[in-house]
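What's counted below: heavy atoms across the whole structure, side chains too, no hydrogens, waters or symmetry copies. These numbers were taken from a predicted model, which means no experiment stands behind them.
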Amino acid sequence: MSARSLRPASLLAAAALSAATLGLGASTATAIPTAGERGVAAECASETPAQTAARGTKAGKVRDNNDVTAAQAKAMEADLTKALAAKGLTKTSEGARKPGGGGAFVPATIDVYWHTITDGTAGTISSTQIANQITVLNNAYANSGFTFRLAGTTTTNNATWYNNLDSGTTAERNMKSALRQGDMGDLNIYTAKLARNLLGWATFPQSRLTSNDGVVILDQSVPGGTAAPFNEGDTATHEVGHWLSLYHTFQGGCSDTAGDYVSDTPAEASPADGCPVGRDTCTLPGLDPIRNFMDYSTDACMDHFTAGQNTRMQNAWVAYRG
């Protein structure tokens, strides 16, 4: 799982469009289960750290207890190649290829199931904020071949799930077991007040679907939230990148030649904090990719994925989620 800590950043100016204006037609359900109402799914109990990632509000200061090691990333890369091969596909720098040489990826629309967790009125998120978050995702992924549409929403009043939610806990597993909807290709986003100054975390794709699959973000990181400078919606952008198989730009640092397994993201020794223009932490070519959505920069600083990252997301989609 990948986690991101409350990276204090500015908000992308997303237009205040309502769900009705966007024609999303999302349904809203309200549930009030207790933390122990549903048991932990056995399939989640054996999940390894390599399957998730996390990010916090204080870049470089909040320990990510789900860091992906070089060995874990190598194993995950081997699994991606194996999953494509099982479908008769070959992974290339231009994307997964069919035996005849044609591309395997076709543009995909991802249904989003949004789960707002609250403690009474604390944690409430408006339909406009949800619609704006979907807009932020669509803007960020405009060149990737992916679009997002809101398929449904739930609002759950559960103080145990809402307050200080952390990755890998019984509360998280119970929450997801109770609420997750759809199949492998459907994105479930959960909002709550997170522990340890975290901004969010996500599961990486894998061959077997579990109820743990999805993205968790700090409720106040959505457009119009109070977590400035991380309230422009790019925490979700970052975590969805993990959900689509991207690593951090600083994966592997300067010494690991594999790094993030994307050739066009310059090497970076450590997460960026703020928006340090001109930062260069490695002797290898290129300045640090501080404006990349997979760094830890503030929201206002982040503005793109590379072509190589787009290809990697497309390969993973074909292998696992398509």
Side-chain angles (χ1 to χ4, degrees), residues 4 6-30 55 57 108-118 121-156 162 165 179 181-182 186-194 198-202 214-244 275 291-294 296-305:
R4 179 180 188 224
L6 189 65
R7 17 167 220 135
S10 55
L11 208 277
L12 229 235
L17 302 176
S18 67
T21 302
L22 293 174
L24 299 173
S27 61
T28 301
T30 301
R55 182 164 188 257
T57 60
T109 297
I110 298 173
D111 282 337
V112 178
Y113 292 95
W114 186 283
H115 307 289
T116 301
I117 312 301
T118 69
T121 58
T124 300
I125 296 176
S126 71
S127 60
T128 297
Q129 287 178 301
I130 295 173
N132 287 346
Q133 180 64 80
I134 299 299
T135 298
V136 169
L137 288 175
N138 279 318
N139 289 341
Y141 286 84
N143 297 318
S144 69
F146 298 102
T147 56
F148 301 84
R149 66 184 175 195
L150 188 62
T153 65
T154 67
T155 298
T156 303
Y162 176 76
L165 184 67
L179 298 178
Q181 300 180 52
D186 296 318
L187 172 62
N188 283 251
I189 297 178
Y190 307 82
T191 63
K193 179 181 178 182
L194 307 186
L198 290 173
L199 282 170
W201 61 83
V215 165
V216 179
I217 61 171
L218 177 69
D219 52 359
Q220 295 304 321
S221 72
V222 299
T226 62
F230 301 111
N231 58 347
E232 295 183 11
D234 282 324
T235 288
T237 301
H238 177 101
E239 301 305 341
V240 171
H242 288 309
W243 187 79
L244 289 170
C275 192
R291 297 195 182 279
N292 195 284
F293 286 122
M294 299 313 294
Y296 274 13
S297 310
T298 56
D299 280 16
C301 190
M302 305 161 84
D303 62 14
H304 75 281
F305 293 110

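- Counting non-hydrogen atoms of other residues, nucleotides and ligands closer than 6.0 Å to CG of Asn143 gives a total of 12 or fewer.
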**Request:** Could you please spell out the steps behind the side-chain contact (heavy atoms from CB on, under 4.5 Å) verdict for Asn292 and Met302?
**Result:** CA-CA 5 Å; Asn292 195 284; Met302 305 161 84; over 6 Å; no

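- Ring-plane geometry between Phe148 and Tyr141 is classed as perpendicular, the angle between the planes exceeding 60 degrees on a 0 to 90 degree scale with a lower cut at 30.
- Panel note: side chain Asn188, backbone Gln181; a donor-acceptor pair is recorded below 3.5 Å.
- The shortest distance between side-chain heavy atoms of Ile130 and Val222 does not fall below 4.5 Å.
- Counting heavy atoms from C-beta outward, Arg149 and Asp111 have side chains that approach closer than 4.5 Å.
- In this structure, the side chains of Leu179 and Tyr113 stay at 4.5 Å or more apart for every pair of heavy atoms.
- Phe146 and Ile110 get closest at one heavy-atom pair: CD2-CD1, 3.8 Å.
- Between Glu239 atom CD and Ser221 atom OG the span is 9.0 Å, to the nearest 0.5 Å.
- Within the 4.5 Å cutoff, the side chain of His115 has no heavy atoms near those of the Ile189 side chain.
- Rounding to the nearest 0.5 angstrom, the gap separating the OG1 atom in Thr118 from the CG atom in Asp219 is 10.0 Å.
- Taking CD1 from Ile125 and OG1 from Thr153, the interatomic distance works out to 11.0 Å, rounded to the nearest 0.5 Å.
- Note that the OG1 atom of Thr235 and the CH2 atom of Trp201 stand 12.0 Å from one another [nearest 0.5 Å].
- For the pair Arg291/Cys275, a side-chain contact is recorded, criterion being any heavy-atom separation below 4.5 Å from C-beta on.
- Expressed to the nearest 0.5 Å, how far OG1 of Thr124 lies from CD1 of Ile117 amounts to 11.5 Å.
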**Asked** Can you check side-chain contact (heavy atoms from CB on, under 4.5 Å) on Lys193 and Leu165, steps first, answer last?
**Response** CA-CA 6 Å; Lys193 179 181 178 182; Leu165 184 67; over 6 Å; no

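- Ile134 CD1 to Leu150 CG: the interatomic distance, rounded to the nearest 0.5 Å, is 5.0 Å.
- Remark: the backbone N or O of Gly233 is paired with a side-chain donor or acceptor of Gln133 at under 3.5 angstrom.
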